[in-house]
Amino acid sequence: MIWIKFTEIKKAVNELLKERYPPPQFKIYGKEIKEGYDAPCFFTEILDRGSRAETKNFARGGVTVKITYFQTEKNELDQLEKVDEIKDLFGLFLCVGNRRLTIGDFEHDFIGEYQDILQISIEIDYKENTQKEDTAPLAREIGVAVTQG
């Protein structure tokens with residue numbers, strides 16, 4: 001059984017953003033940074049939406065990716081351009097390792113005290129193969145003794 005790792009999802013999201021918004025012009029931070037960040041920048045966060053068994057061998061899971069964009073100077077047109085660019089960037093799938101995770105809902109909102117900070121929410125759904133690998137050794141030879149009784 002191989003569960004997808006949240007760290008792998010986070011790395012894939014950050015790499016995708018870095019391709020479109022390369023450093024040092026744009027920086028990408030995690031939620032642990034509270035102050036001292038340089039704008040323009042993105043903060044990325046992965047929120048678990050839980051998982052549940054669908055069948056004996058498959059489970060369904062999902063995460064929400066939050067991307068928050070901080071500008072040097074407030075500019076709504078720039079924010080809306082970022083929404084369009086990031087929507088195009090993610091498309092229908094997010095490649096994580098050798099897997100393609102389905103992009104579900106894509107939404108944006110404005111947060112903060114003055115409702116002037118762009119935050120994009122992307123729902124990602126996936127299925128997991130929960131079938132356990134058989135670790136018992138394979139029989140190489142079988143001995144059969146036939147007796148009449």
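Since we're looking at a predicted model, the values are computed, not measured. For the numbers below, each heavy atom of this structure counts, side chains included, while hydrogens, waters and symmetry mates do not.
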Trace of the side-chain contact (heavy atoms from CB on, under 4.5 Å) decision for Phe93 with Thr102: CA-CA 5 Å; Phe93 299 98; Thr102 304; 4.1 Å; yes
Any side-chain heavy-atom pair of Phe110 and Leu118 under 4.5 Å: yes
Same apolar cluster: Tyr37 and Phe26, side chain cutoff 4.5 Å: no
Whether over 12 other heavy atoms sit under 6.0 Å from Glu35 CD: no
Taking only distance into account, with no hydrogens and no angle test, what donor-acceptor pairs under 3.5 Å do side-chain atoms of residues 40-52 form with protein atoms, sequence neighbours excluded?
{"residue": "Thr44", "atom": "OG1", "partner": "Lys10", "partner atom": "NZ", "Å": "3.2"}
{"residue": "Thr44", "atom": "OG1", "partner": "Asn14", "partner atom": "OD1", "Å": "2.8"}
{"residue": "Asp48", "atom": "OD1", "partner": "Gly50", "partner atom": "N", "Å": "2.8"}
{"residue": "Arg49", "atom": "NE", "partner": "Glu123", "partner atom": "OE1", "Å": "3.0"}
{"residue": "Arg49", "atom": "NH1", "partner": "Val63", "partner atom": "O", "Å": "2.9"}
{"residue": "Arg49", "atom": "NH1", "partner": "Glu123", "partner atom": "OE1", "Å": "2.8"}
{"residue": "Arg49", "atom": "NH1", "partner": "Ile124", "partner atom": "O", "Å": "3.3"}
{"residue": "Arg49", "atom": "NH2", "partner": "Asp125", "partner atom": "OD1", "Å": "2.4"}
{"residue": "Arg52", "atom": "NE", "partner": "Glu54", "partner atom": "OE2", "Å": "3.4"}
{"residue": "Arg52", "atom": "NH2", "partner": "Glu54", "partner atom": "OE2", "Å": "3.3"}

side-chain contact (heavy atoms from CB on, under 4.5 Å) between Asp38 and Thr72, intermediate numbers included: CA-CA 8 Å; Asp38 295 323; Thr72 307; over 6 Å; no
same_hphob_cluster(Ile111, Tyr29) at 4.5 Å side-chain heavy-atom cutoff: yes
Distance (rounded to the nearest 0.5 Å) between Ile9 CD1 and Lys11 NZ: 12.0 Å
Residues which pass side-chain hydrogen bond (donor to acceptor under 3.5 Å, both in side chains) with Asn75, listed by chain and number, not counting sequence neighbours: none
Positive for salt bridge (Lys or Arg N to Asp or Glu O under 4.0 Å) with Glu128, one of Arg60, Arg99, Lys5: Arg99
Val13 with Phe70, same ILVMFWY side-chain cluster at under 4.5 Å: no
Counterpart residues, side-chain hydrogen bond (donor to acceptor under 3.5 Å, both in side chains), relative to Gln119 (two or more places apart): Thr68
From CG (Asp105) to OG (Ser121), nearest 0.5 Å: 10.0 Å
Student check: side-chain heavy atoms of Leu92 and Ile103 closer than 4.5 Å: no
Heavy-atom donor-acceptor pair, Lys34 side chain to Lys31 backbone, under 3.5 Å: yes
In a table with atom names and distances, give each donor-acceptor pair under 3.5 Å that connects a side chain of residues 77-91 to protein atoms at least two apart or in another chain.
{"residue": "Asp78", "atom": "OD1", "partner": "Lys82", "partner atom": "NZ", "Å": "2.9"}
{"residue": "Asp78", "atom": "OD2", "partner": "Tyr69", "partner atom": "OH", "Å": "2.6"}
{"residue": "Asp78", "atom": "OD2", "partner": "Gln71", "partner atom": "NE2", "Å": "2.8"}
{"residue": "Gln79", "atom": "NE2", "partner": "Gln71", "partner atom": "OE1", "Å": "3.2"}
{"residue": "Gln79", "atom": "NE2", "partner": "Asp116", "partner atom": "O", "Å": "2.8"}
{"residue": "Glu85", "atom": "OE1", "partner": "Tyr21", "partner atom": "OH", "Å": "2.5"}
{"residue": "Glu85", "atom": "OE2", "partner": "Arg20", "partner atom": "NH2", "Å": "3.2"}

Salt bridge (Lys or Arg N to Asp or Glu O under 4.0 Å) contacts touching residues 64-73 (sequence neighbours left out): none
Set of residues satisfying side-chain hydrogen bond (donor to acceptor under 3.5 Å, both in side chains) with respect to Lys127, sequence neighbours excluded: none
Pairwise distance CD1(Ile117) to CG(Asp109) - rounded to 0.5 angstrom: 11.5 Å
